[in-house]
Amino acid sequence: MVLNTWFLDHLYNLDTIIRIGWLALIFAPFNKISKYCIILPTLLFSVECILVLLFGDSPMLNWISLKDLLMAIIVQRKQFYLMDLWIAQWMVYNFYAGCGKTASCGSFHINKTWTSERYVFTILLFLTYLAAPLGLVFYIVGKHSFLKEYQKNVQNAIKNDYFHIDQLKHPFSTPHTVRFADKLPESLSSIYYFLLGIIGLTTLFTIVLPSYIGLIIYCRIVYKYSSSSLSDLKTIPEALRNVTAEMRLTLIKTDRNQRRLIWHLKYLLLQFATIFEYASNYSEPFRLFRSLEEYFRKIYHTPYFVLGNGIAVNSYDIVKRYIQDLPPRKDAELLAWEISPSLETFCDFTTVFLSTNHPDTQLGRKIIFQWLHSFPHNLKHRNFEMELQLSRIVPRHMDKKPTKDLVYQAVGEVMFFLATNGELTKSERLAYISCVQSPFIFFPNWFNFLFNGHYFERKNLSNYYTLLRAFLRYENGSALQAAFMAAEKKKSHEEVLKFITVVFCVAGSPAPAKLAVTVIDRLWADKEKNVPLFKKNPHNFIKECARLDKAVPTVNVLATDEIVSEVEKSFEGKIKISENTPVHCSIVNANRDKAVFENPDEFIPDRLDLNKILVWNGVEEDIINPDQSKRPIRYCPGHDLSLDIVQYVAERFLPVTDDIDEDNNNKNEQDLIVFEQKIRKLTPNEESHCWNVLDTYTKVVRLLMTIVINESNLFPSRAIDIAPPMHLPVKNFSIFRIDMAKFIPSWDEDKPNGSRPLRKFARWLVNSNIWDFYDCLAGFDTLEQALAWRSQIFPSLPLPNIVYTDMFSDEAMSRLAFFGCACHYTQRIDKSEQPALQNAVYVNDMTVLSIFRVRRPFERYGAAAYFDGDFQLIAIYWCHANRVVRKDDQFWEHAKYVWRSSFFAYVTIHDHLIVTHMIECNALVTATRKYLTNDHPLRLFLQPFTYHTVSVNYQAAISLVNRRGLVHRVWAFDYDEFLKVCDYISMTYKFRLLPEYIPSSMSPENNSKSKEQWDKVYPIYSDMNHFWKIIHKYVENFFHITFNVQDDDKLPMDTHMTEFINELCKQLGIPGIVSLKRFIDVLAHLIASSTGMHEHVGQISDYVIDPRFIGAKLQEGKEIQNIQTYTQILILTVVTGVRMPGLLEDWSHLIERNQYYEKNLANYENFKNELKNLSQDIDHRNKTRKYPFESFNPKFIECSASV
Ligand SMILES: [Fe+2]
């Protein structure tokens, strides 16, 4: 009784605590106390319940008696208040996720201002409390009424493909109705499909699968025939496949008028069995078809057999005749069963399934031919621009075999680029991969119902619409315009567009994508044997792969009179089939027919009978007949295109072999191949030895790095993915101060939802303070071992812009000083006062870092290299030893190593990390996003140059430059000393325009050289200036067009711009900008800094392919990096080498469609053309320069400091 009283007292208290929880949630939704105020009553309630259950005579026990349960629910409402409290917390997150923002670190940052939406939401929260347990209903209603527009705008802004909103509203891209539920409002439709999914899965598991098991048992019982001579197919038991085949035969023999309910039920079960059998033999369907054929040959002495809903045939002669010689009759069928209504109704006008002599079919083929022939690009006629774009879309990848998805994506993107001269966004690429991977749209309606109520089929259809919108973006392009023309107004643009989409999604790309995977698999399986075969004749290699491949296993026709009589005759009159019975022609078996192909199961690209293959809906030798009138009626219009695309993609993923390819035009790539060929394999003992010496941090980071790299490589960002500025009601983007006294924003509108959970977890793990910190000095046993370690553990190292094969000779030092990443520090000197340096004319002084202490036992950084008038190295001042080292000195090699390492450290920390990222790019992005409204023309103009900058700076701040972070570990400074380095750099930073980065002493005039002569020995001078002029002109024209200003002295009257300028001045230490001319100069420099300068100082992969090139830490007597430091610097190289949108990629979608659009577009196109010309010019001049110089070659430059 005492306990009872205790409970009763507390019931009142609990109510009060719950009410406090509600008030806290309403007025301080993200305060920690609010969380505790929700958790506390829940805990108390739980404790009460447990105690009540333990003590039987308590009043609470009555609640669990059925008799009083109803009354308890009506009378006691506190449990509902509590339950609704949790629901309300979800509502809070749901609501503020719309109007607030999620920082990239994953924490919430809300808009705390009392907007009208927040008032409404607060009222809803009150109502939720008062109306418990019905509070959620109010929120749902509110969300879909008053808050709807508001939520929609914010969500649209958050969508990555925000800028396609106009297209989403385009009538062409509105999904059609497949089922009645598609007409319902979205919420009702979702409920309908959810329920349908449950019913479907229940039916699958309670009726269909048990029936199928029953069928298996039945087949085993009734099957009498058994012969070991039959095919050894193991995946489907002989009894099952043969008895079901007999049952199917009985079904198709049944006259159409006599097909009753039981016939249909049997039919469905056997269709399910067909799909199951096919799926079980997906990788080698020819084995299934062959075994069925063998059975029918034994029993009925006929080459025909039964498959799915019709007759099938493997014989080459018959297949050839049915798909090529006889007038074909077609239906909406694929792979031995009907297709889904989604596919059937997507496009009324399609020849994919109806390739006959029907006028519509003829028109369809004409449209496709016109479309294909009007592609803006053709792989057979490549130009500079095309090569450039394709090389960015599919970068050369030779380190390891690519994943299937990577190959699928490459094929899809290449084909889309050839067709449109455009790019697919990330979501469109995902849709394409899904189209290739997921076949559910090809399955019948009833089958898709079983699998989650048509969920997968509808997802496929949604992907089709996604790709339709992608084509819609380029509807004014030459190919689509030609297709519209070819339709001769007989078909609407919508029908033509859907037709093109379905061709791309069904017929055009998945088959070549899968074929490309087969080709690449074979190349990597035995590269020494197969790569030479491929190079000898790529098309033959691909055709032979296609012959043995299963990308298109069957082609279907309907039985004509002629076929019906042939089949009946073959069965010696034992069966009769109806006209229009499906006939499945097995391409995979016809291409392995022994009667036609010698050693049909062997891979022989040189085979004489290769052109007999039936892959592209006809015999190859007929398809390639120059006389077009003699080509097969149904041959695939994309035959040539698919071969070219597969060849191109295979070449991009071609493994490296021991052969030297004399024909390779890419010298850089060829140099790397030659370099890599010399590297041996790491033995397991060596690998474990090297791995074991690493500290735990390095091991963990190395492992987690793969998560980041795999994701980034699979879904690299493209310029098309750069969204316009978001229209959000808040400007706050969570700026915080880091140790380096810099203010870094943490929320990036380019990545509004932050990183994926796995990536967040990886970052959290890496930044935990649980990892040891020590400088392991263990070195590699041999250089070969070090190279093998790099090659094996870091296969995804980015391809260097320049492949240095020598970085040790004196000549190489000259090259580094005048062509390397620190060449802007090289300057001419007056006569040296030091006698040892009397001949010195040039110096590259990297002694600054010598004033900073390093950890023991390492040497201080710092050295200055001196060169004579012929640019030859004559001496090095070595700071650590405080002496000048000359050629014949015993420390000569070490001094060179110290100088290389010092300039690498200085350029990486000073130029790349602090000046470019933390000062200039950070100033540009923070000022832009804080002070320019989303619709401000300048904000839109700068959008590509600030893409992802917030994210990369934030990640660098929390994972690289933090205490015990990667930079702290890679270089030898103690953390406090590193901060002093940063302070020193910040203090000595002085804003300079790009051309001012080159000392005036390094002009051609001051060196008595012509521009041409000087370019051969000091190329940065012309390249940087040329690049600067292009950027400057682009910015200048933009202001003249958009702000209509003629006078360069006057800044436009614009308060936002004034605030923006003030912020820039504050962050960059500029005294003030009072003229437009100066403003243009500053902006042009910031853009050049984010692009060209960032490439010049940030391309570190050139310097790490050999551990002797540079040392991040210096150690007495060592001119090679130790295992741990080398591993750490390779990690840094890989994570900063992720691909980002290129400067030459297309971001014209960001140009505002206002009255200045045409002029701005012309300015943009002119800018791109000038950059392309510069790239070509640099390529050309690199051939005559002493060494190539690529830092300001636009083809290598990214459009922002995004990595
Ligand atoms: Fe960078």
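Just so you know, ligand 1 is whichever comes first in the structure, and atom 1 is the first atom listed for that ligand.
With sequence neighbours left out, the ring-ring contact (aromatic ring centres under 6.0 Å, His included) criterion links His917 to His912, His1094. Not a single ring-ring contact (aromatic ring centres under 6.0 Å, His included) links Phe858 to another residue, sequence neighbours left out. Looking at residues two or more places apart in sequence or on another chain, you find a side-chain hydrogen bond (donor to acceptor under 3.5 Å, both in side chains) between Tyr975 and Asp739.
Residues Tyr997 and His1096 have side chains that never bring a donor and an acceptor to within less than 3.5 angstrom of each other. Side-chain atoms of Lys751 and Ser951 form no donor-acceptor pair, as typed in the model, at a separation below 3.5 Å.
A cation-pi contact, defined as under 6.0 Å to the ring centre and within 45° of the axis, is absent between Arg964 and Tyr697.
The number of protein N/O/S atoms found under 2.8 Å from the Fe ion (ligand 1) is 4.
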